[in-house]
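One structure is given here, and the rest of the page talks about it.
Computed from a predicted structure; not experimentally measured.
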Amino acid sequence: MRFACAVLLLASAPPGSGQLLDRTVAVVGSTPITATEVDLQMRLQALFNDAPLDLAEQARQGALSRLVEQRLVETDMRLAGLPPVEDDELGDAFAQLRRSRFGGLGFDEALERYGVKERDAREFLRKQLRFARYVQFRFRAGLQADEEAIETAYRERFGDVSSAPPLDEVRESLRAQVLDQLAESMLDERVRQLRAETRVAYLDPIEPDTEAGP
């Protein structure tokens, strides 16, 4: 059910400062998603994927969809009682990120190009680490890849390659691929369940391609 009007969240600036209000573009349960969050998500996704910054409407829709899924999964993570990402773990991962190159740019240069603050990149990384932990404990732990699935993955990857490596040489990487696909499928199903159980309302001007959940 569509809201009658968009909810406006006041920015931190005092009245009369000339700064714009931040517009709510979706509500997941009782939690709003603002236009500013969508813009930041687009920039962070591009930065972490080392991809060109795309601020077109289609990319905006994709970023909004990911934020909706994040809100749904965050609820599931809290219910699962997952421990937080420790500062030491985050610090090590962030140090590795800082050593990376982004289209030939250093980290600080990339932050400036994408219009992202370091604290936002750090928080984005924290969420990624926690999400990876969630997938590992909630879906991937205990999964088994049978030999038939591994052989199928081998044929799909190397069936048309004349100099394909022996199966035994790539068995473990194929096993990991199969397990990742199984976990992703289970995650997709869980997100569908969470969406069915949660009220998701999209507000103009950002509209989804399909109707929202209940």
Side-chain angles (χ1 to χ4, degrees), residues 9 12 22 24-34 36-51 62-100 102 107-108 110-111 114 116-146 149 172-201 212-214:
L9 300 181
S12 58
D22 197 1
T24 295
V25 294
V27 180
V28 181
S30 59
T31 306
I33 296 174
T34 68
T36 296
E37 289 179 273
V38 175
D39 181 80
L40 181 58
Q41 177 75 11
M42 296 166 71
R43 296 174 184 277
L44 287 166
Q45 285 175 188
L47 172 66
F48 275 68
N49 290 325
D50 196 12
L64 176 58
S65 295
R66 286 184 177 85
L67 284 171
V68 169
E69 291 183 0
Q70 285 177 22
R71 294 291 195 276
L72 294 169
V73 169
E74 283 166 5
T75 300
D76 209 36
M77 286 192 287
R78 287 194 296 270
L79 293 175
L82 283 180
V85 175
E86 299 294 339
D87 289 341
D88 288 348
E89 179 184 357
L90 177 61
D92 291 342
F94 195 72
Q96 182 176 349
L97 180 67
R98 287 197 65 91
R99 293 193 293 269
S100 302
F102 302 85
F107 183 67
D108 291 332
L111 289 179
Y114 286 95
V116 173
K117 291 182 168 45
E118 181 174 314
R119 66 172 180 269
D120 294 322
R122 180 182 288 270
E123 184 58 27
F124 190 79
L125 180 59
R126 184 191 296 275
K127 289 180 179 179
Q128 284 193 327
L129 293 173
R130 192 158 186 257
F131 178 75
R133 182 178 296 171
Y134 165 76
V135 172
Q136 175 65 32
F137 283 94
R138 184 74 166 75
F139 306 107
R140 205 175 188 280
L143 283 179
Q144 299 293 327
D146 59 37
E172 289 310 308
S173 65
L174 291 172
R175 186 189 308 278
Q177 173 187 318
V178 170
L179 293 178
D180 286 343
Q181 290 171 344
L182 289 172
E184 184 175 352
S185 177
M186 295 170 68
L187 171 63
D188 289 343
E189 178 59 30
R190 181 56 181 155
V191 169
R192 283 193 289 269
Q193 292 173 355
L194 292 169
R195 183 181 286 273
E197 298 166 359
T198 308
R199 183 172 183 269
V200 179

Ring pair (Phe, Tyr, Trp, His ring centres under 6.0 Å) pairs, two or more places apart, involving residues 178-201: none
Of all heavy-atom pairs between A26 and L64, which one has the smallest distance, and what is that distance? CB-CD1, 4.0 Å
Short N-O contact, R175 and E172, less than 4.0 angstrom: yes
Would you say R133 and Q136 are linked by a side-chain donor-acceptor pair, where the criterion is simply a distance under 3.5 Å? no
Would V116 and F48 satisfy side-chain contact (heavy atoms from CB on, under 4.5 Å), going step by step from the backbone distance to the final call? CA-CA 11 Å; V116 173; F48 275 68; over 6 Å; no
Q144 and L182 have their tightest heavy-atom pair at O-CD1, 4.0 Å
State the CD-CZ distance between E118 and F94, to the nearest 0.5 angstrom. 4.0 Å
Okay, side chain of D22, backbone of T34: is any donor-acceptor separation there less than 3.5 Å? no
Where is the tightest heavy-atom contact between L129 and A93, given as atom of each residue plus distance? CD1-CB, 3.9 Å
Are R192 and D188 within salt-bridge range, i.e. N to O under 4.0 Å? no
Please step through side-chain contact (heavy atoms from CB on, under 4.5 Å) for the pair Q41 and V38, ending with a clear verdict. CA-CA 5 Å; Q41 177 75 11; V38 175; 5.6 Å; no
Interatomic distance, D76 atom CG to L194 atom CG [nearest 0.5 angstrom]: 5.0 Å
Less than 4.5 Å apart, any side-chain heavy atom of V68 and any of V200? yes
Distance in Å, M186 CE paired with E189 CD, rounded so as to fall on 0.5 Å steps: 10.0 Å
So how far is it from D108 CG to F102 CZ, rounded to the nearest 0.5 Å? 10.0 Å
Indicate the atoms forming the closest heavy-atom contact of A145 with L179, along with that distance. N-CD2, 3.8 Å
Any side-chain to backbone donor/acceptor pair from R126 onto L90? Under 3.5 Å, distance only. no
Yes or no on side-chain contact (heavy atoms from CB on, under 4.5 Å) for E123 and R119, after CA distance, side-chain angles and deciding distance? CA-CA 6 Å; E123 184 58 27; R119 66 172 180 269; over 6 Å; no
Considering non-hydrogen atoms only, spot the tightest contact between T198 and G29 and give its length. CG2-N, 3.6 Å
Nearest 0.5 angstrom please: L44 CG to K117 NZ, how far? 11.5 Å
Walk me through whether L40 and F124 qualify under side-chain contact (heavy atoms from CB on, under 4.5 Å). CA-CA 10 Å; L40 181 58; F124 190 79; over 6 Å; no
Heavy-atom side-chain contact between K127 and R130 under 4.5 Å: no
R43 side chain to Y114 main-chain N or O, any donor-acceptor pair under 3.5 Å? yes
On a heavy-atom basis, the closest approach of S30 and P32 is O-CD, 3.6 Å
Kindly indicate, with the supporting measurements, whether the criterion side chain to side chain donor-acceptor pair (under 3.5 Å) is fulfilled by R99 and Q96. CA-CA 5 Å; R99 293 193 293 269; Q96 182 176 349; 5.2 Å; no
Flag side-chain contact, heavy atom, 4.5 Å: L82 against R138: no
Separation of E37 CD from D120 CG (nearest 0.5 Å): 11.0 Å
Is M77 close to E74 at the side-chain level, that is, under 4.5 Å between some pair of heavy atoms? yes
Heavy-atom side-chain proximity of D180 to Q177 below 4.5 angstrom: no
